[in-house]
Number of protein chains: 2
Amino acid sequence: MRDLTFCSALHGEEHIRLRQLLTHVQYDGHSTIFHEAEEADYVFNVTSGSVKLYKLLGDGRRQITGFLFAGDFLGLALNLTYSYTAEAIEPVTACRFPRQKLERLFDEFPRLEKRMLGMAVDELAAAQDQMLLLGRKTAKEKVASFLLMLARRQEHRGVNDAAIEVPMSRSDIADYLGLTIETVSRTLTQLRKEATISLKDNKHIEAIGLSMLEDLAEGL
Amino acid sequence: MRDLTFCSALHGEEHIRLRQLLTHVQYDGHSTIFHEAEEADYVFNVTSGSVKLYKLLGDGRRQITGFLFAGDFLGLALNLTYSYTAEAIEPVTACRFPRQKLERLFDEFPRLEKRMLGMAVDELAAAQDQMLLLGRKTAKEKVASFLLMLARRQEHRGVNDAAIEVPMSRSDIADYLGLTIETVSRTLTQLRKEATISLKDNKHIEAIGLSMLEDLAEGL
DNA sequence: CGGTTTCTTGAGTCGCCTCAACAATTGTGG
DNA sequence: CCACAATTGTTGAGGCGACTCAAGAAACCG
C-alpha cells in the first residue's frame with residue numbers, strides 16, 4: 001500500500017515534529033471545510049471520506065476543480081487566501097496543520113518542502129489533463145475519463161474492488177466535467193446500454209473492461 | 001519593474017551559482033522547445049518572446065494549457081518527462097538550466113526551492129481559473145477573460161501600452177479557450193461592434209475599458 | 001408509509017461547430 | 001517593388017451535441 005498521509009514515510013525527527021503540529025478534525029457530509037477567499041490558515045491531509053473543491057461565477061455557475069480522497073493533500077495554496085471552496089461529500093476525517101508553523105518547519109527540514117513541491121507539480125499535471133478534458137472532449141469521453149480517474153485513484157489507494165465507488169452526486173459530476181446533470185445521466189445510460197459499464201447502484205459502477213473506458217477517454 | 005527572471009532578485013552567492021548553471025538559448029517562431037513525454041532534462045526561464053504550451057488527443061484535437069511571456073518559468077515539471085509540448089509563438093530567448101544540477105542547488109539554497117514552490121502554487125491557481133473558464137463560461141465570456149488575462153500580464157511585465165499585444169494566432173486562441181477559430185473571430189467582431197474593443201490590427205487589440213471586459217469575463 | 005430530494009427520460013431549443021466561400025495578410029521569387 | 005501563391009482571418013448557411021424545461025421514477029429519510 002502507498003503512503004497515505006503527508007506524515008507517513010518520513011524519518012524520525014521530522015515525523016515527530018509534524019505530529020506535534022497536527023490536529024485531527026472531522027466534517028459531516030455537505031459541510032464546508034473552507035471557503036474561497038477565506039484566509040488560508042491551515043493545510044489539511046484527508047485521512048478518510050471524500051472532498052470536492054470548487055469555484056463559483058457571480059451568477060452561481062460552478063466548476064468543481066477536483067475531488068480528494070484518503071491520502072490527498074488539501075490547501076497547499078501558500079497564498080494568503082484559499083483560491084477555492086472545499087466541501088465534504090461524505091463524512092471526512094483529516095489532519096490539520098497550521099500553515100505558518102508548517103512553513104517554519106520547512107526551513108528546518110527542506111525534505112518536507114521538496115515533498116510539497118512534488119505534490120504541487122503532480123496537481124499541476126492533473127490540472128492540465130483536466131483542461132484538455134474540459135476544452136476538447138465530448139460528453140462521452142468526459143464521463144469515460146472521469147470513471148477511469150476514479151478507478152485509478154481507488155486502485156492507487158489500495159482499494160481492491162471490481163466496482164468503482166462514486167460517492168459524489170450527478171450534480172457534482174456534471175460540475176466537474178462541464179456538463180449538466182441530464183447529460184451525465186444520459187451518458188451513463190448510454191454506456192450501460194453499450195455494455196461498457198454496469199450500474200450496481202448510483203454510488204457503485206462496474207467497468208466491464210477498463211480498456212474500453214481508456215479507448216473512449218482518449219477518443220480512439 | 002518586477003523581477004523578470006528566476007535569477008534576479010536573488011542575493012550574492014545564490015545568484016552567482018545560478019548564473020554558472022544557465023545557458024542562453026534562442027528559438028525561432030513555430031519551433032518546438034520540447035515535446036510532451038520527452039525527458040525533462042532542462043527547465044527554462046523566458047527572457048523575451050512568447051511561448052504556448054499544449055497537449056494533444058490521439059486524433060489531433062489540441063488544448064493549449066497556457067501562454068508564457070518574458071519572465072515566465074517553463075518546465076517546472078520535476079517529473080521524469082514533460083507533461084506538455086512547448087512551442088515558440090514568436091522568436092524566443094530564454095535561460096536554460098540543467099534540471100538535475102538545479103535540483104542539487106536547491107539542497108544548498110532552500111530559498112530557491114521556496115521560490116519554485118511559490119511559482120507552482122501560482123500556476124495551480126491559474127489552472128483552476130482556466131478550468132472554470134473552460135467548463136462554465138460562454139464564448140463571449142471566454143474571449144473577454146482571455147483579453148483581460150493578456151492585458152493584466154502585459155501590465156505586470158511593465159509594458160505600458162494602451163493596446164493589448166496578441167502575438168498568437170486565432171487558432172491558438174481557439175485551442176486555449178476550447179472554441180473554434182470561427183467562433184473566436186465572430187466573438188471578436190461582436191465585441192468590436194458592441195464597442196467593447198477596437199482591433200488595431202490582428203496582433204493588437206485595444207480595450208475601450210477594461211471594466212467592461214471584467215464584467216463580461218465574470219458573466220455580470 | 002408520505003414527503004423530499006435525486007435521478008432518469010423525453011421533447012424542443014440554442015450556442016457553438018462544420019463546411020464553404022471570400023477577404024486580408026504574409027511570404028517569395030522575378 | 002510587384003505579381004502570385006500560400007497562409008490566416010472573416011463571414012454566412014446549416015447542422016448537431018449538449019442545454020433547457022418538464023414530467024415521472026427511484027432513492028432517501030424522518
Side-chain angles (χ1 to χ4, degrees), chain A residues 28-30 52 57 59-64 87 89-91 133-147 166-194 197-205 216 219, chain B residues 28-30 52 57 59-64 87 89-91 133-147 166-194 197-205 216 219:
Chain A
D28 293 335
H30 301 282
K52 60 188 174 197
L57 283 173
D59 60 0
R61 278 174 288 173
R62 185 178 68 153
Q63 179 64 41
I64 292 187
E87 197 177 311
I89 292 173
E90 23 167 26
L133 177 147
L134 289 168
R136 287 298 178 223
K137 289 189 184 178
T138 64
K140 197 170 171 183
E141 290 163 356
K142 285 177 176 182
V143 171
S145 303
F146 170 69
L147 292 174
V166 186
M168 60 289 288
S169 67
R170 296 289 183 269
S171 171
D172 288 340
I173 299 173
D175 284 346
Y176 180 64
L177 298 177
L179 298 170
T180 59
I181 45 180
E182 293 95 330
T183 299
V184 171
S185 182
R186 275 187 253 271
T187 306
L188 286 171
T189 303
Q190 190 193 352
L191 290 176
R192 182 168 44 75
K193 287 184 178 163
E194 291 172 0
I197 59 170
S198 76
L199 282 76
K200 308 186 73 168
D201 63 71
N202 278 337
K203 302 291 181 203
H204 295 87
I205 293 177
L216 276 177
Chain B
D28 292 336
H30 302 282
K52 60 188 173 196
L57 284 173
D59 61 0
R61 278 173 288 174
R62 186 177 67 154
Q63 180 64 42
I64 291 186
E87 198 177 309
I89 292 173
E90 23 167 26
L133 177 147
L134 290 168
R136 287 300 179 221
K137 290 187 183 179
T138 64
K140 197 171 171 182
E141 290 163 356
K142 285 177 175 180
V143 172
S145 303
F146 170 70
L147 292 174
V166 186
M168 59 289 286
S169 67
R170 296 290 183 267
S171 171
D172 288 340
I173 299 173
D175 284 346
Y176 180 64
L177 298 177
L179 299 171
T180 59
I181 46 180
E182 294 94 329
T183 299
V184 170
S185 182
R186 276 187 253 270
T187 306
L188 285 171
T189 302
Q190 191 192 351
L191 290 175
R192 183 168 44 75
K193 286 183 178 164
E194 291 172 359
I197 58 171
S198 75
L199 282 77
K200 308 187 72 168
D201 64 69
N202 277 336
K203 302 291 182 203
H204 295 87
I205 293 176
L216 276 177

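We name chains A, B, ... by the order of the sequence lines, and we start the count at 1 in each one.
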Chemist: Once you round it to whole Å, what is the distance between C1' of D/dT10 and CD of B/Glu182?
Modeler: 9 Å
Chemist: For A/Thr180 and A/Asp201, take the nucleotide of DNA chain D holding the closest heavy atom to each; which residue's nucleotide lies nearer the 5' end?
Modeler: A/Thr180
Chemist: Rounded to the nearest 0.5 Å, how far apart are CG of B/Leu216 and OG1 of B/Thr187?
Modeler: 11.0 Å
Chemist: Looking at every non-hydrogen atom in both residues, tell me the closest pair between B/Glu141 and B/Gly219 and how far apart they are.
Modeler: OE2-CA, 3.2 Å
Chemist: Determine the sole option in B/Ile197, B/Thr189, B/Leu191 for which the side chain to side chain contact (heavy atoms under 4.5 Å, CB included) test with B/Lys193 is passed.
Modeler: B/Thr189
Chemist: Base, sugar-phosphate alone, or nothing: which one does A/Ile181 contact when heavy atoms must sit under 4.0 Å apart?
Modeler: nothing
Chemist: Thinking salt bridges, do A/Glu90 and A/Lys203 make one under a 4.0 Å N-O criterion?
Modeler: no
Chemist: Between A/Thr189 and C/dT9, is there a side-chain N or O to OP1/OP2 distance below 4.0 Å?
Modeler: yes
Chemist: Using heavy atoms and a sub-4.0 Å distance, could you list which residues of residues 133-145 of chain A are near DNA chain C? By number, please.
Modeler: none
Chemist: When the distance from CG of B/Asp172 to P of D/dG9 is rounded to whole Å, what number comes out?
Modeler: 9 Å
Chemist: Taking CG from A/Leu199 and P from C/dT6, how many angstroms apart are they, rounded to a whole number?
Modeler: 18 Å
Chemist: Is a side-chain N or O of A/Arg136 found less than 3.5 angstrom from the main chain of B/Leu179, in a donor-acceptor match?
Modeler: yes
Chemist: Quickly work out the B/Asn202 CG to C/dT25 P distance and round it to whole Å.
Modeler: 7 Å
Chemist: To the nearest 0.5 Å, tell me how far A/Asp175 CG sits from A/Arg62 CZ.
Modeler: 4.0 Å
Chemist: Is the base of C/dG10 touched by the side chain of A/Arg186 through a donor-acceptor pair closer than 3.5 angstrom?
Modeler: yes
Chemist: Between A/Leu134 and A/Lys142, what is the shortest heavy-atom contact and its length?
Modeler: O-NZ, 3.8 Å
Chemist: Could you tell me the separation between the CG atom of A/Leu177 and the C1' atom of D/dG17, rounded to a whole number of Å?
Modeler: 16 Å
Chemist: Examine C/dC16: is either OP1 or OP2 under 4.0 Å from a nitrogen or oxygen in the side chain of B/Thr183? Give yes or no.
Modeler: no
Chemist: With a non-hydrogen cut-off below 4.0 angstrom, is A/Ser185 in contact with a base, only sugar-phosphate, or nothing?
Modeler: base
Chemist: How long is the line joining CZ of A/Arg192 and C1' of C/dT9, in whole Å?
Modeler: 11 Å
